[in-house]
Amino acid sequence: MKIYLAASLSPEFRQDMFNIITKLRNNGHLVYGPVEHAIEHAWDISNQDWGRQVFEDDINAINAADCIVAISYGRTKTTSGCNWEIGYSYGIGKKVVVVEMNEEPQSLMVSNGSHATVKGLDGLMNYDFDLMPKTMTNAEQK
């Protein structure tokens, strides 16, 4: 399955992002992690042109994905970029699996715009991407 990983690029959360990329790939998925992609000749273009290219590359990757996995740290720590990726994905009909990394309350917009929500890395690794169930109970995640 082609998965786009929506996540905060903040340094404090990068290790979670890399762990999830590795685990998903080890399970046979093709993962697009924006953190891994560089813009060719980035130092030779303006910041505005660089930002536009990042935006377009991410849009193309979301459009090409089978589903979106979004790493969430609740409504106060999940970045606006990650929330935008979730909303855009929902808007074009992609299934979004939200990974709740803590106990922070979730944005109602993210909760209602997601296909499924799982708890942490273990919940994500137990999620059945073939069946894509709408929700998972705590018992199913254990």
Trace of the side chain to side chain contact (heavy atoms under 4.5 Å, CB included) decision for Phe13 with Met101: CA-CA 10 Å; Phe13 302 129; Met101 299 300 287; over 6 Å; no
Arg25: partners by salt bridge (charged side-chain N to carboxylate O under 4.0 Å, His left out), with sequence neighbours left out: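 Testing Arg25 for salt bridge (charged side-chain N to carboxylate O under 4.0 Å, His left out), a comparison that skips the adjacent residues, returns Glu36.
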Find the distance between [atom1] ([X]) and [atom2] ([Y]) and round it off to the nearest 0.5 Å.
| X | Y | atom1 | atom2 | value |
| --- | --- | --- | --- | --- |
| Lys77 | Asn102 | NZ | CG | 7.0 Å |
| Glu100 | Ser111 | CD | OG | 6.5 Å |
| Tyr4 | Ile86 | OH | CD1 | 10.5 Å |

Remaining members of hydrophobic cluster (4.5 Å side-chain criterion), Trp43: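 None, because no other hydrophobic side chain comes under 4.5 Å of this residue.
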Contact list for residues 64-74, test side chain to side chain donor-acceptor pair (under 3.5 Å), sequence neighbours left out: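 For residues 64-74: Asp16-Tyr73, Ser72-Thr78, Ser72-Gln106.
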What do you reckon, is CE of Met125 surrounded by more than 12 foreign heavy atoms closer than 6.0 Å?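 It does: Met125 CE has more than 12 such atoms within range.
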Is [X] linked to [Y] within one hydrophobic cluster, defined over Ile, Leu, Val, Met, Phe, Trp and Tyr using a side-chain heavy-atom separation of less than 4.5 Å?
| X | Y | answer |
| --- | --- | --- |
| Ile3 | Leu9 | yes |
| Val97 | Val31 | yes |
| Tyr88 | Tyr90 | no |
| Leu30 | Ile20 | no |
| Trp84 | Ile68 | yes |

Nearest non-hydrogen partners of [X] and [Y], listed with the distance:
| X | Y | value |
| --- | --- | --- |
| Val110 | Val98 | CG1-CG2, 3.9 Å |
| Met17 | Ile71 | CA-CD1, 3.8 Å |
| Pro133 | Ala116 | O-CB, 3.6 Å |
| Gly120 | Val99 | O-CG1, 3.5 Å |
| Met132 | Cys67 | CE-CB, 4.1 Å |

Kindly say whether [Y] contributes a backbone atom to a donor-acceptor pair with the side chain of [X] at under 3.5 angstrom?
| X | Y | result |
| --- | --- | --- |
| Asp49 | Ile45 | no |
| Lys94 | Asn63 | yes |
| Ser107 | Met109 | yes |

Evaluate the ring planes of Phe129 and Tyr127, with Trp represented by its six-membered ring, and classify them as parallel (under 30°), tilted (30 to 60°) or perpendicular (over 60°).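 It falls in the perpendicular class, over 60°.
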Would you tell me whether Asp57 and Gln53 have side-chain atoms, one donor and one acceptor, within less than 3.5 Å of each other?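 Yes, a side-chain donor-acceptor pair sits under 3.5 Å.
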Just checking, any donor-acceptor pair under 3.5 angstrom between side chains of Asn60 and Glu56?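 No, no side-chain donor-acceptor contact under 3.5 Å.
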Kindly determine whether His115 and Lys134 satisfy side chain to side chain contact (heavy atoms under 4.5 Å, CB included), including the steps that lead there. CA-CA 5 Å; His115 179 76; Lys134 177 81 173 132; 3.9 Å; yes
Should Tyr32 and His37 be marked as a ring-ring contact (aromatic ring centres under 6.0 Å, His included) after you check the CA-CA gap, both sets of side-chain angles, and the distance that decides it? CA-CA 9 Å; Tyr32 181 96; His37 296 276; 4.1 Å; yes
Quickly, which of Val69, Leu5, Asn26 forms a side chain to side chain contact (heavy atoms under 4.5 Å, CB included) with Ile21? Name it, please.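 Result for side chain to side chain contact (heavy atoms under 4.5 Å, CB included) with Ile21: Leu5.
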Decide yes or no on side chain to side chain contact (heavy atoms under 4.5 Å, CB included) for Lys23 and Asn27, but give the supporting numbers first. CA-CA 6 Å; Lys23 295 273 189 185; Asn27 283 349; 5.6 Å; no
Are Trp50 and Phe55 close enough, and set up right, to give a ring-ring contact (aromatic ring centres under 6.0 Å, His included), and what steps lead you there? CA-CA 9 Å; Trp50 173 84; Phe55 178 79; over 10 Å; no
Does Asp58 reach the side chain of Glu85, with side-chain heavy atoms less than 4.5 Å apart?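 Sidechains of Glu85 and Asp58: in contact.
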